[in-house]
Amino acid sequence: MPPPADIVKVAIEWPGAFPKLMEIDQKKPLSAIIKEVCEGWNLPNPETYALQNADATNFYITEKNRNNIKNGSILRLTTSAAQMAQQLHERIQSSSMDMKLDALKDLANSSRDITFAQEFINLDGISLLTQMVESGTDFGDLLSFTLTAFVELMDHGIVSWDTFSVAFIKKIASYVCKSAMDTAVLQRSLAILESMVLNSQDLYQKVAQEITIGQLIPHLQGTDQDIQTYTIAVINALFLKAPEEKRQFDGDNVNILDCPLTEMAHILAQKQLRSIILSNVIRSNKPINDEMAHQLYVLQVLTFNLLEDRMMTKMDPQDQAQRDIIFELRRIAFDVECESNNSGSIEKRKSMYTRDYKKLGFINHVNPAVDFTQIPPGMLALDNMLYFARHHQDAYIRIVLENSSREDKHECPFGRSSIELTKMLCEILKVGELPSENCHDFHPMFFTHDRSFEEFFCICIQLLNKTWKEMRATSEDFNKVMQVVKEQITRALTIKPNSLDQFKSRLQNLSYTEILKLRQSERMNQEDFQSRPILELREKIQPEIMELIKQQRLNRLCEGTCFRKISSRRRQDKFWYCRLSPNHKVLHYGDLEESPQGEVPHDSLQDKLPVADIKAVVTGKDCPHMKEKGALKQNKEVLELAFSVLYESDEYLNFIAPDKHEYCVWTDGLNALLGKEMSSEFTRSDMDTLLNMEMKLRLLDLENIQIPEVPPPIPKEPSNYDFVYDCN
């Protein structure tokens, strides 16, 4: 007969004694269980003791998390969180440096547990740590562990960031500004500055007075990738919170936060931030880890978002300065100077301008300024056209003159094309959208030029003109050409070119003919057979294919996945792993110190959740951790990757998948375990792919074409390389 569900069998350790095996009744108060354990070892004052997980976390067992105790768990009897907090609060004030260092080490380790953190914070522990930092008497390991404990305590979100003094901010900033600083201290200081900027508008303004871009750049020129990552994270935080209103700044020693977004780009270019990141991070000998890739992606997104203002600004047809840009495009293209008021009649000059604007490919030949009143792309399109005309003048003149000499219906309208292309590039690069919490999709080529978006446009407008000629397009084909060009660009970007030249070379290989071949190949692979017998056969074998997909999903859950924990800081540097047992009856999970290189064994995962206890799987906004974290609600991509497993009455296991594929695999697999329908987009895609493949194999079988059971052997490597090919 199985034991009652409320009884769990555990082992409890106590230093200097044999572990005690006992059954815990989950209905009994935790205090009563602790009292029973203390009596077994004749320990007085049971109220000063608590139970702890005897694993790498050492987290306290409380009434809230006691349901996580599973059969076979190993617990430890230890000093209560309140008692431990009181002891450490006293020990870190010791006059003995060795005792103080040991206490700070223990504090840094214990502060990861929210139960202990709450007790220590109740003793005004945060204020004590900030006073120790402000005093400036601690250095090296003492300071490193003090800052580590501070970061861990603040990560729980119990204390508001708005409570810190200017003296504390100045001291943290001074550690960042020093040329020679202990690596651990520098890393923690950068993490604290990032959190200050992201979590408090008031602290953001105070940090503005202390940190300059010039003081951050030396940390990027070192070889420690963690320091480089934290430094870029701080720059991103400053960038993200930069005010939009215009402010004054002076050249070399400018405070980055005192500048509007529109001036931020000039400062970053002035300080050569882009080239330093390119040479010291992107092109360094070390491979770029996930967190660095994420920070580079965020910087890329924020840099492109500087274009949003121009993208959403309509042209004022009455603004002479803006009209002069159009005159400049005409002058460069046709090598004409602006005629004086006395040179010919007004009608003649209007006719001449209309003719030239038609050659330039504007929709409105009389007043091309009207073309730029559409947002997006607004004035950004005109900026791109002027950049192309000035910096790639030969290519610009060739495109304009080449098209003006064609028949009307075959000309590629430069003006209209530039406007639509700019809009398309903004869509591809998601200009104006906030960065995703989990994306690592940065493009090295955008860090190779100070005006990368404009150069990107220049390459793509020449591609558009080339594709137009290859398609022998007419004005009616304009939208078709734009679709092909978008496909060429997105296909070229998928290989992540290291430079704009590599991107250009890739586009050369993606001609219209090549795109047609790729489309034909993909169409054949996705061919849909619509005849009635085929449809009936598809319907008949569909359950078999669905079972195959189900097994794949469950096998994938058995392999397991590493998930990131989302903290109050934007950085996500904590991991946990979850996997399904081979018999599909238990979910094993547990925290990890770092991202694993392969599968994590079941026995190293300390927590278990029986599949039979799972009540439901919820996703998106229905997840408890999405309701709790208000800041995350604003991020659509995080919501799309969130899911939770609900078990018992109000307990839940929260997930944020690393990507959309893992999200679909896990939600499908969990639904399959619960006997529910697998309805993700990847299931539908896999179903179509496998069905089509099975149909083709069966049709080949009808034609009596023998398909071997195993692939042909790989040819053996020749034993004798001493041979020569006779060309005669």
Side-chain angles (χ1 to χ4, degrees), residues 53 55-57 59 65 68 70 112-114 155-157 229 289-295 297 435-441 553-581 586-609 611 614 616-629 631-633 635-647 651-673 680 682:
N53 286 305
D55 55 25
T57 65
F59 285 175
N65 65 21
N68 292 334
K70 305 300 176 187
R112 293 179 300 154
D113 184 355
I114 191 169
D155 263 358
H156 295 297
T229 303
N289 60 34
D290 284 349
E291 185 55 35
M292 174 61 86
H294 172 69
Q295 295 299 342
Y297 152 78
S436 163
E437 292 281 355
N438 296 285
C439 187
H440 311 110
D441 189 24
R553 298 291 192 265
L554 294 176
N555 289 340
R556 185 64 192 79
L557 263 60
C558 290
E559 293 173 11
T561 301
C562 178
F563 298 93
R564 286 179 180 270
K565 289 188 173 182
I566 305 291
S567 68
S568 59
R569 292 180 291 138
R570 189 171 290 270
R571 180 170 300 102
Q572 308 156 32
D573 49 6
K574 296 181 180 179
F575 303 89
W576 69 289
Y577 200 89
C578 187
R579 64 181 299 178
L580 181 65
S581 63
V586 179
L587 283 176
H588 298 264
Y589 62 96
D591 293 336
L592 301 176
E593 292 297 321
E594 57 184 2
S595 181
Q597 298 302 312
E599 290 185 22
V600 176
H602 294 98
D603 51 13
S604 66
L605 300 173
Q606 62 272 23
D607 297 310
K608 299 177 183 178
L609 172 61
V611 172
I614 298 176
V617 176
V618 295
T619 60
K621 292 181 180 179
D622 296 328
C623 297
H625 57 316
M626 292 294 100
K627 293 175 183 176
E628 291 169 3
K629 296 184 179 289
L632 289 180
K633 290 183 184 177
N635 197 309
K636 182 182 175 185
E637 292 204 31
V638 172
L639 279 175
E640 290 176 348
L641 297 176
F643 61 99
S644 298
V645 172
L646 305 185
Y647 59 98
E651 298 295 326
Y652 42 81
L653 192 61
N654 296 323
F655 299 76
I656 294 180
D659 52 50
K660 193 67 178 176
H661 180 261
E662 287 295 321
Y663 169 84
C664 292
V665 165
W666 274 85
T667 52
D668 280 345
L670 291 169
N671 281 324
L673 284 173
S680 75
F682 279 88

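Just so you know, these numbers come straight off a predicted model, no measurement behind them. For the numbers below, each heavy atom of this structure counts, side chains included, while hydrogens, waters and symmetry mates do not.
- Once rounded to the nearest 0.5 Å, the distance linking NE2 of H588 with OH of Y577 reads 12.0 Å.
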Exercise for the section: Take Y663 and E640 through the test side chain to side chain contact (heavy atoms under 4.5 Å, CB included) and record every step on the way to the result. Expected result: CA-CA 8 Å; Y663 169 84; E640 290 176 348; over 6 Å; no
Exercise for the section: Apply side chain to side chain contact (heavy atoms under 4.5 Å, CB included) to V611 and L580, showing your working. Expected result: CA-CA 9 Å; V611 172; L580 181 65; 4.0 Å; yes
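- Here the SG atom belonging to C439 is positioned 11.0 Å from the CG atom belonging to D290, to the nearest 0.5 angstrom.
- Residues passing the salt bridge (Lys or Arg N to Asp or Glu O under 4.0 Å) test with D591, sequence neighbours excluded: K565.
- Residues F655 and S644 are not in side-chain contact: their nearest non-hydrogen atoms beyond the backbone lie 4.5 Å or more apart.
- Side-chain contact check for R556 versus T561: some heavy-atom pair is nearer than 4.5 Å.
- Between P624 and V618, the shortest heavy-atom distance links the atoms CD-CG2, 4.5 Å.
- A donor-acceptor distance shorter than 3.5 angstrom exists from the side chain of R579 to the backbone of C558, with no hydrogens or angles considered.
- The closest side-chain donor-acceptor pair between E291 and T229, if any, does not fall under 3.5 angstrom.
- Expressed to the nearest 0.5 Å, how far NE2 of H440 lies from CG of D659 amounts to 9.5 Å.
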Problem - Worked verdict on F643 versus L670 for side chain to side chain contact (heavy atoms under 4.5 Å, CB included) - result: CA-CA 10 Å; F643 61 99; L670 291 169; 3.8 Å; yes
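- Listed here is the closest heavy atom pair of A672 and L554: CB-CD2, 4.5 Å.
- The closest side-chain heavy-atom distance from C623 to I656 is not below 4.5 Å.
- Minimum interatomic distance between L592 and C562 (heavy atoms only, all atoms of both residues): CD1-SG, 4.4 Å.
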Problem - Check against side chain to side chain contact (heavy atoms under 4.5 Å, CB included), N68 and Y589 - result: CA-CA 11 Å; N68 292 334; Y589 62 96; 4.0 Å; yes
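- Between C664 and F682, the closest heavy-atom pair is SG-CD1, 3.1 Å.
- Interatomic distance, OH of Y647 versus CG of L587, reported as 10.5 Å (0.5 Å rounding).
- W576 is listed as a side-chain neighbour of L653, based on a closest heavy-atom distance under 4.5 Å.
- Within the model, atoms NZ of K660 and OG of S680 stand 8.5 Å from one another, a figure rounded to the nearest 0.5 Å.
- Taking both residues in full, the closest heavy atoms of I614 and L609 are given as CG1-CD2, 4.1 Å, listed atom of the first, atom of the second, then distance.
- The shortest side-chain heavy-atom distance between Y297 and S436 falls under the 4.5 Å cut-off.
- Distance check, rounded to the nearest 0.5 Å: CZ of R553 to CG of L673 gives 13.0 Å.
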